[in-house]
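Beneath this line is the structure, given in structure tokens, with notes to follow.
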2 protein chains.
Amino acid sequence: MAKAKAEEFTPEEINLADIAKALSHPARIKILKILASLNICVCGKIVDELPLAQATVSQHLKELKRVGLIKGEIEGPKTCYCINTGAIKKAYDDFQKLFNNISKECKISCKTATK
Amino acid sequence: MAKAKAEEFTPEEINLADIAKALSHPARIKILKILASLNICVCGKIVDELPLAQATVSQHLKELKRVGLIKGEIEGPKTCYCINTGAIKKAYDDFQKLFNNISKECKISCKTATK
DNA sequence: ATCGTTCATCGCAAATATACGATAGATAAG
DNA sequence: CTTATCTATCGTATATTTGCGATGAACGAT
């Protein structure tokens, strides 16, 4: 099962895992890069940049939108997507916090201190 | 399908997505925190800290080991796990690079520049 | 009103991920 | 050697993810 006693985890752990899940596919990483590099709302060219069908890309965009990393606005027949800078910053901070805690606290490795 | 034309993505994108995948479950985030907080190789107590069966925890540990975020050494009847500090640092750097690129390059949001 | 463009969604298939009980292997203790 | 402990792995069930074709909705252009 994908969930069982998840209530045993903290909201922070669950939230960070969710963001990580959104980043856990090369296509979604690439989408973020594309959106960022175009430096402006993109209304469709994303599909052309990926080796995936339009329906699939749409799903990846939906997933990124679900976790809030990007924003999308319908604009006539097109849809305008762009980076949600605030959410990116928060994700950045959260990952930084996690990694910092891990690196800071663990000073003894297996090799040097195998009980 | 989980993969199709993945060769269209760069090794960096694939690798970072893989690390993210390893972090995409609350249990694995928690495992990293536990390993870090105990500050020394842990040989079993991890299961007690999680609302999951031993077999399941073992699988999560395997996944973290697969991407290199932790190291494990068999030690008698027990197995000693600990953080792989180097891999954590590299993951930290990679995420930082990604987020920095995204934040830096995208200065115009939908609201301010809708085409 | 009709056509073409753009994108989301549905429905389906295949692949993965998640979870757990049962079992096996390795070793320490007796 | 036998037993107890610890952990990896196997087998299985279920859920989720990924991918794509087909379809539909929205809109601009004609």
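Each chain gets a letter, A, B and so on, in the order its sequence line appears, and its residues count up from 1.
The separation between A:I70 atom CD1 and C:dA8 atom C1' is 13 Å, rounded to whole Å. For the pair B:L52 CG and C:dA17 P, the interatomic distance rounds to 17 Å; values are reported in whole Å. Atom CD of A:E63 is separated from atom C1' of C:dT9 by 16 Å (rounded to the nearest Å). Regarding B:R66, its CZ atom lies at a distance of 11 Å from the C1' atom of C:dT16, rounded to whole Å. Taking atom CG of residue A:L23 and atom C1' of nucleotide D:dT17, one finds them 16 Å apart after rounding to whole Å. The separation between A:L64 atom CG and D:dT17 atom C1' is 14 Å, rounded to whole Å.
Residue A:I29 is tested with B:T10, B:I102, B:L16 for a side chain to side chain contact (heavy atoms under 4.5 Å, CB included); the sole match is B:L16.
A salt bridge links B:K33 to A:E13: one of the charged nitrogens lies within less than 4.0 Å of a carboxylate oxygen.
In terms of position on DNA chain C, the residue among B:A27 and A:V47 whose nearest nucleotide sits closer to the 5' end is A:V47.
Residue B:H25 has a polar side-chain atom (N or O) positioned under 4.0 Å from OP1 or OP2 of C:dA19. Regarding contacts with the backbone of D:dG19, a side-chain N or O of A:H60 is found under 4.0 angstrom from either OP1 or OP2. Within the 4.0 Å cut-off from OP1 or OP2 of D:dT16, not a single side-chain nitrogen or oxygen of A:K21 is found.
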Which pairs, protein N/O on one side and nucleotides 8-10 of chain D N/O on the other, fall under 3.5 Å?
from, atom 1, to, atom 2, distance (Å)
D:dA8, OP1, B:Y81, OH, 2.4
D:dA8, OP2, B:S58, OG, 2.6
D:dA8, N7, B:Q54, NE2, 2.9
D:dA8, N6, B:Q54, OE1, 3.1

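Within the structure, the side chain to side chain donor-acceptor pair (under 3.5 Å) test picks out the following pairs touching residues 47-62 of chain B (sequence neighbours left out): B:R28-B:H60.
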List the atom pairs, with distances to 0.1 Å, where a side-chain N or O of residues 88-97 of chain B and a protein N or O form a donor-acceptor pair under 3.5 Å, not counting sequence neighbours.
from, atom 1, to, atom 2, distance (Å)
B:K90, NZ, B:D94, OD2, 2.6
B:Y92, OH, A:Q96, NE2, 3.4
B:Q96, NE2, A:Y92, OH, 3.3

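The two residues A:A17 and B:P26 make their nearest non-hydrogen contact at CB-N, 3.5 Å. Nearest heavy atoms, B:L69 versus B:A22: CD1-CB, 4.4 Å.
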